[in-house]
Number of protein chains: 2
Amino acid sequence: MRERPKIKDIAEKAGVSVATVSRALSGSALVTAETRQRIHDLARELNYRPNVSARNLRTRKSMAVLLVVRDVGNPFYLDILKGVEAMAREAGYAVLMGNTENDPVREIEYFNMLRDGHADGMILMTGKLPPPAGNRSGSWNHLPVVVALEMIEGSGLPHVQVDNVGAARAAVEHLISLGHRRIAHISGPVPEPMSVYRREGYRLAMREAGLAIPPGYEVRGNFLLESGEDCCRTLFDLPQPPTALFVANDEMAYGAAHELRRMGRDVPGEVSVVGFDDLYLSKAFYPPLTTVSQPRAEIGRTAMGLLLSILSGGSLGTGEPIVLPTALNIRASTAPPEA
Amino acid sequence: MRERPKIKDIAEKAGVSVATVSRALSGSALVTAETRQRIHDLARELNYRPNVSARNLRTRKSMAVLLVVRDVGNPFYLDILKGVEAMAREAGYAVLMGNTENDPVREIEYFNMLRDGHADGMILMTGKLPPPAGNRSGSWNHLPVVVALEMIEGSGLPHVQVDNVGAARAAVEHLISLGHRRIAHISGPVPEPMSVYRREGYRLAMREAGLAIPPGYEVRGNFLLESGEDCCRTLFDLPQPPTALFVANDEMAYGAAHELRRMGRDVPGEVSVVGFDDLYLSKAFYPPLTTVSQPRAEIGRTAMGLLLSILSGGSLGTGEPIVLPTALNIRASTAPPEA
DNA sequence: ATGAAAGCGCTAACAA
DNA sequence: TTGTTAGCGCTTTCAT
């Protein structure tokens with residue numbers, strides 16, 4: 001037996017042609033049950049495994065997908081990755097990790113990997129599309145790419161997302177229904193769409209309740225913990241500080257709550273805090289964080305499902321984005337304002 | 001210009017052979033600077049990119065590595081992944097995610113992917129080696145595999161790890177130095193080595209301080225949040241409950257602290273808690289968690305570096321495991337016991 | 001310094 | 001139902 005058996009070895013032992021072996025192994029109906037059985041037995045006996053490079057070259061497929069995020073170190077992506085991975089492996093696809101760190105060079109690099117045959121399709125969660133230079137069609141919308149989580153407006157690509165405006169609005173309405181009037185917002189890095197939408201939800205809820213947004217009540221953060229602390233400090237340096245905070249993600253909400261504690265302000269006694277994302281630690285946080293929960297695993301599964309249907313030549317759907325539902329998880333970081 | 005230019009297209013336009021183009025593009029010295037330049041220009045103009053499947057088939061390499069973990073959803077792996085990814089892409093390797101969920105079938109599957117040419121090497125963090133069935137050599141130790149984080153004793157494979165015994169011991173010694181005597185331990189899922197080692201460190205520190213471990217003071221958890229809560233409850237149902245907890249990972253420590261709060265016991269006023277891992281949220285936790293910090297990104301980088309040196313035919317090192325240093329981060333969840 | 005040619009291992013026409 | 005054969009696009013001897 002040679003180092004690594006190939007189809008030819010099986011063919012010789014079985015006394016058939018390589019074509020027959022290939023067919024038998026791929027379960028083609030054009031092989032008698034008897035020869036198929038014989039070949040399968042032989043394959044097992046020789047511990048045969050097909051060479052993927054050869055198959056990929058011939059079939060022009062790689063059976064791999066690329067999952068591209070801004071920062072692999074961000075815990076937010078975990079459940080999405082998990083959802084993608086689960087669906088992918090079920091369908092026989094491997095998952096390649098892409099990490100851009102907001103670097104345009106890398107963003108292009110991953111598109112190139114797609115072209116190079118490293119992967120058959122891509123799930124893009126960076127919210128950005130590199131300029132279509134060197135791309136004949138002048139656009140990306142004929143590539144097997146699904147945009148998830150962070151939308152890319154006008155891209156013409158299939159999207160899987162949540163209603164950030166509506167979810168943010170519901171979060172702020174919760175605060176208002178508790179009786180809060182002075183509600184501030186720590187936003188993400190506007191003008192990125194996700195941040196803009198969440199801020200929009202905040203503004204909408206405030207306006208509908210007839211509440212003015214005092215100057216300085218909108219502070220721009222960057223989604224990181226420290227940023228939550230900093231923004232919180234800014235907010236409470238105001239002459240008329242807020243009684244409630246709507247923070248654009250949980251991580252900054254942790255930072256804000258942390259900072260409030262440091263300043264000796266009780267949460268939710270003196271200040272209520274609402275986050276966004278429902279990271280899995282938010283329920284163990286002290287106080288357990290009221291926050292908007294996104295169906296992360298579902299986002300991953302849906303995006304991968306969409307990509308699979310594209311890869312299998314299925315329709316691209318309606319072109320309308322798929323919007324998954326969010327939920328407001330009311331826990332212990334919100335309470336009525338002090339009397 | 002054809003759909004996707006290949007070497008042949010460039011060769012024709014340049015009036016040279018495909019061999020010359022291949023050489024020029026790979027930077028071979030056997031091409032005149034002039035033709036090399038011409039070919040490079042042409043390649044850029046045609047927007048040429050090599051087909052990876054073809055190259056992989058020919059070179060018998062995939063320029064990809066497989067990173068296999070028990071649970072891609074676990075935040076602990078994030079920084080490791082980040083470290084691996086950074087080193088990998090620097091060296092021109094792609095990173096494939098593997099997720100076993102402790103399923104032996106999947107564990108084998110990833111080894112098969114290695115054999116099949118899906119990846120050139122593997123970083124294994126599952127702490128388990130599938131039975132070497134169908135493996136001629138009867139063992140795995142000639143495969144390009146680096147074991148990280150969770151050691152696999154007797155595997156003969158290169159290891160990157162931390163000194164779990166020593167780190168755990170230092171953590172418990174901290175508790176002892178604060179004056180605690182009744183120190184309990186919430187362990188991981190013994191008899192898995194990592195859990196056993198951390199428990200061993202606990203026992204060692206206790207013995208050296210001349211402290212007996214009362215019956216029931218060692219409770220077995222599973223590294224998950226809820227498990228921390230459950231174990232904590234068990235511990236405080238004891239007639240003589242502990243004044244300090246050494247918990248085998250941060251996630252369970254969060255759970256334990258959460259449960260203590262629910263029981264109305266102040267941390268660290270009434271009970272001190274030490275964790276292990278230093279997840280990035282531990283400092284934002286309330287109270288900020290005293291915990292053992294592992295150099296996660298460094299573990300990832302080191303493992304990938306080791307794998308790269310193996311893949312480039314370098315030595316396998318001494319065979320001795322590489323042990324990376326840990327540090328005890330003392331924060332606010334530990335204090336002297338009540339008088 | 002360049003070219004011709006032989007594959008890498010597989011799949012898929014096309015024949016039989 | 002099976003076999004023959006032609007590639008997939010690239011790298012790499014071996015000639016020249």
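Every chain is numbered from 1 and lettered A, B, ... according to where its sequence line falls, protein lines coming before strand lines.
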Check your understanding: Using 4.0 Å as the upper bound for N to carboxylate O, is an ion pair formed by Arg70(B) and Glu192(B)?
Key -> yes

Check your understanding: Should we count NZ of Lys128(B) as having more than 12 external heavy atoms under 6.0 Å?
Key -> yes

Study note, to complete from the structure: The nucleotide from dG7(C), dC14(C), dA4(C) with an atom nearest the side chain of Ala19(B) is dA4(C)

Check your understanding: Quick one: Glu12(B) CD to dA4(C) P, roughly how many Å, whole number?
Key -> 12 Å

Review point. Given dT2(D), dT5(D), dC10(D), which nucleotide is nearest the side-chain atoms of Thr35(A)?
Key: dT2(D)

Practice item. Please list every stem that involves DNA chain C, where a stem is a run of 3 or more consecutive Watson-Crick or G-U wobble pairs with both pairing distances under 3.5 Å. Key: C:1-16 with D:1-16

Check your understanding: Which of these nucleotides, dC10(C), dG9(D), dT13(D), is closest to any side-chain atom of Arg23(B)?
Key -> dT13(D)

Check your understanding: Of the non-hydrogen atoms in Ala54(B) and Asn51(B), which two are nearest, and what is the gap between them?
Key -> N-OD1, 2.9 Å

Review point. Below 4.0 angstrom, N of the basic side chain to O of the carboxylate: do Lys61(A) and Asp120(A) qualify?
Key: no

Point to revise | Per Asn51(A) side chain, nearest of listed nucleotides dC10(C), dC8(D), dG3(D) | key: dC10(C)

Check your understanding: Ion pair present between Glu45(B) and Lys13(B), side-chain N to carboxylate O less than 4.0 angstrom?
Key -> no

Exercise for review: Please report, rounded to the nearest Å, how far the C1' atom of dC10(C) is from the CE atom of Met63(A).
Suggested key: 15 Å

Exercise for review: Measure the distance from CZ on Arg58(B) to C1' on dG9(D) and round it to the nearest whole Å.
Suggested key: 11 Å

Review point. dA1(C) P sits how many Å from Glu34(B) CD, rounded?
Key: 13 Å

Review point. Which nucleotide in the set dC8(D), dA1(C), dT12(D) lies at the smallest distance from any side-chain heavy atom of Ser22(B)?
Key: dT12(D)

Exercise for review: Figure out the CD1/P separation between Ile7(B) and dA6(C), and round it to whole Å.
Suggested key: 18 Å

Review point. What nucleic acid atoms does Arg60(A) come within less than 4.0 Å of, heavy atoms only: base, sugar-phosphate, or nothing?
Key: sugar-phosphate

Practice item. State the OG1-CE distance between Thr100(B) and Met125(B), to the nearest 0.5 angstrom. Key: 10.5 Å

Review point. Would Glu109(A) and Arg106(A) pass as an ion pair if we require N to O under 4.0 Å?
Key: no

